[in-house]
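Below: one structure, written as structure tokens.
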Amino acid sequence: MDIWFSLILLGASQIILCWYSYQLAIEKGYPALLFAGAGLLPLLNLFALMLLLLLPDRRLAEHQLYFSKFRQRP
């Protein structure tokens, strides 16, 4: 019974990491299916997740910063 519980926990963790990689790839603008597929493989999912966390946001130009005209300048 212990081996089945371990396999269920391993499968659940793989699905959760796959889903999180998919969501993070969509948010940052990278190919989501590629990172979701990498999230299903047991050892590659941690590398894919770390890569996604370290890669910059590709949609950074869409997020315009607001600068007030009353902002004090040094």
Self-check item: Joint hydrophobic cluster, Trp19 plus Leu17, side-chain heavy atoms closer than 4.5 Å
Solution: yes
Self-check item: Cluster check Phe47, Leu54: I/L/V/M/F/W/Y, side chain < 4.5 angstrom
Solution: no
Would you compute the distance between atom [atom1] of [X] and atom [atom2] of [Y] and round it to the nearest 0.5 angstrom?
X: Phe35; Y: Tyr30; atom1: CZ; atom2: OH; result: 7.5 Å
X: Leu33; Y: Ile26; atom1: CG; atom2: CD1; result: 8.0 Å
X: Gln23; Y: Cys18; atom1: CD; atom2: SG; result: 10.0 Å
X: Leu24; Y: Leu51; atom1: CG; atom2: CG; result: 10.0 Å
X: Leu46; Y: Leu41; atom1: CG; atom2: CG; result: 11.5 Å
X: Tyr20; Y: Leu53; atom1: OH; atom2: CG; result: 5.5 Å

Quiz item: Where is the tightest heavy-atom contact between Leu52 and Ala25, given as atom of each residue plus distance?
Solution: CD2-CA, 3.9 Å
Quiz item: Just by modelled atom types, is the Arg58 backbone N or O under 3.5 Å from a matching donor or acceptor in the Lys28 side chain?
Solution: no
Self-check item: side-chain contact (heavy atoms from CB on, under 4.5 Å) partner of Ser13, the single match among Leu10, Ile15, Ile16
Solution: Leu10
